[in-house]
Colleague: 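Take this structure, written in structure tokens, and hold onto it; I'll ask about it next.
Just so it is clear: chains get the letters A, B, ... in the order the sequence lines come, proteins before strands, and each one is counted from 1.
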There are 2 protein chains.
Amino acid sequence: MTDKNQRFENYDCSQGCPVEAALELIGGKWKGVILFHLMEGTQRFGELKKQVGTVTQRMLTKQLRELETDGLVSRKVFAVVPPHVEYSLTPKGETLRPIIMPCAIGAQNTP
Amino acid sequence: MTDKNQRFENYDCSQGCPVEAALELIGGKWKGVILFHLMEGTQRFGELKKQVGTVTQRMLTKQLRELETDGLVSRKVFAVVPPHVEYSLTPKGETLRPIIMPCAIGAQNTP
DNA sequence: CAGTATCCCCCTAGATACTG
DNA sequence: CAGTATCTAGGGGGATACTG
């Protein structure tokens with residue numbers, strides 16, 4: 001980000017604008033949906049997979065790792081057998097709620 | 001959309017959830033940025049290209065056509081030489097303002 | 001000015017199999 | 001259960017050249 005207090009009007013996006021930055025965080029094919037479901041509360045890997053639907057294990061893992069790296073999702077591993085892993089939103093991830101939820105509402109209101 | 005009045009909590013995304021639908025509209029690599037700039041007002045093709053920055057003509061055209069098809073952007077052609085084409089948000093496109101702008105803000109507040 | 005028309009690379013994402 | 005490993009195709013997107 002070049003200037004954090006810059007106004008949006010006449011914003012020069014030539015090399016990286018805020019929207020571009022945001023889409024890098026949630027632009028992955030499944031990330032929006034994953035975040036959406038984590039907003040319902042903490043979820044285990046399997047639960048998440050079931051809810052997201054057609055996502056493959058590989059992709060779910062990959063996107064979750066990226067979300068984790070970006071600090072939007074936290075991963076909690078329980079050292080038990082069988083494995084137990086819980087995913088939840090970080091505070092930073094929570095800040096996306098006003099973005100994700102209007103997305104959902106917007107999509108519903110304009111079919 | 002399966003049920004337009006369904007609550008978001010416990011929403012079953014198995015085959016297409018609202019967030020997924022929304023991301024299909026604005027998920028293109030440049031669409032968010034294009035919409036962002038059109039929110040500043042009507043723009044000509046060249047102006048848009050300059051503002052979006054590194055986008056190629058081909059991609060800008062392609063994404064604009066998709067946005068047009070999805071009913072988010074309207075294209076107005078003036079029958080003059082040299083050509084003059086103006087792009088602007090449709091009412092439907094305007095409904096994305098509360099989604100796009102928080103994106104920008106969110107990206108700025110959480111670097 | 002505002003586009004098409006080609007060509008082509010690469011990365012995303014899917015399918016499948018295996019494992020601590 | 002919650003992952004890795006490997007292989008592969010498909011198409012999204014880039015570069016470049018041409019045009020009404």
Colleague: Using whole Å, what does the distance between atom P of nucleotide C:dC11 and atom NZ of A:K29 come to?
Modeller: 18 Å
Colleague: In whole angstrom, give the distance that lies between atom CD of B:E66 and atom C1' of D:dG12.
Modeller: 10 Å
Colleague: Looking at B:E47 and B:K50, does any basic side-chain N land under 4.0 Å from a carboxylate oxygen?
Modeller: no
Colleague: Counting just side-chain N and O atoms, does A:R65 come under 4.0 Å of either OP1 or OP2 of D:dG3?
Modeller: yes
Colleague: Could you tell me the Watson-Crick or G-U partner of C:dG20, where both distances fall under 3.5 Å? Say none if there is no partner.
Modeller: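 Partner of C:dG20: D:dC1.
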Colleague: Using the side-chain heavy atoms of B:R58, tell me which of these nucleotides is nearest: C:dA13, D:dG12, C:dT6.
Modeller: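 The answer is C:dT6, which lies nearest to the side chain.
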Colleague: Pick the closest DNA chain C nucleotide for B:V77 and for A:G27 by heavy atoms, then say which residue is nearer the 5' end.
Modeller: B:V77
Colleague: Nearest whole angstrom, please: distance from the P of C:dT6 to the CD of B:Q57.
Modeller: 17 Å
Colleague: What is the distance, to the nearest angstrom, from the CG atom on B:L48 to the C1' atom on C:dG3?
Modeller: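 The distance from CG of B:L48 to C1' of C:dG3 comes to 14 Å, rounded to the nearest Å.
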Colleague: Assuming nearest nucleotide by heavy-atom distance, tell me which of A:V55 and A:P83 is located more 5' along DNA chain C.
Modeller: A:V55
Colleague: Measure the distance from NZ on B:K50 to P on C:dC1 and round it to the nearest whole Å.
Modeller: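 Atom-to-atom, B:K50 to C:dC1, this comes out as 9 Å.
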Colleague: Could you let me know what D:dT6 is paired to, Watson-Crick or G-U wobble, both distances under 3.5 Å, or none if it's on its own?
Modeller: C:dA15
Colleague: With distance as the sole test, does A:K49 use its side chain to make a donor-acceptor pair with the main-chain N or O of A:V55 at under 3.5 Å?
Modeller: yes
Colleague: Taking any heavy-atom pair under 4.0 Å as a contact, classify A:P82: base, sugar-phosphate, or nothing.
Modeller: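 Sugar-phosphate contact only - A:P82 comes under 4.0 Å of backbone atoms but never of a base.
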Colleague: Taking atom C1' of C:dT4 as reference, at what distance in whole Å does atom NZ of B:K49 sit?
Modeller: 15 Å
Colleague: Quick check: does any side chain N or O of A:S74 sit under 3.5 Å from a backbone N or O of A:T90, one acting as donor and the other as acceptor?
Modeller: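 Not at all, since once roles are kept as given, no pair shorter than 3.5 Å links the two residues.
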Colleague: For B:T56 and A:R44, take the nucleotide of DNA chain D holding the closest heavy atom to each; which residue's nucleotide lies nearer the 5' end?
Modeller: A:R44
Colleague: Using whole Å, what does the distance between atom P of nucleotide C:dA13 and atom CH2 of A:W30 come to?
Modeller: 9 Å
Colleague: Within a strict 4.5 Å, meaning less than it, do heavy atoms of the A:L64 and A:Y87 side chains meet?
Modeller: yes
Colleague: Can you check the B:Y87 OH to C:dG3 P distance for me, whole Å?
Modeller: 4 Å
Colleague: Would you say the side-chain atoms of B:Q51 pair up with the backbone N or O of B:L48, donor to acceptor, closer than 3.5 Å?
Modeller: no
Colleague: Which part of the nucleic acid does A:Q63 contact within heavy-atom distance under 4.0 Å: base, sugar-phosphate only, or nothing?
Modeller: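 Sugar-phosphate, backbone atoms only, no base.
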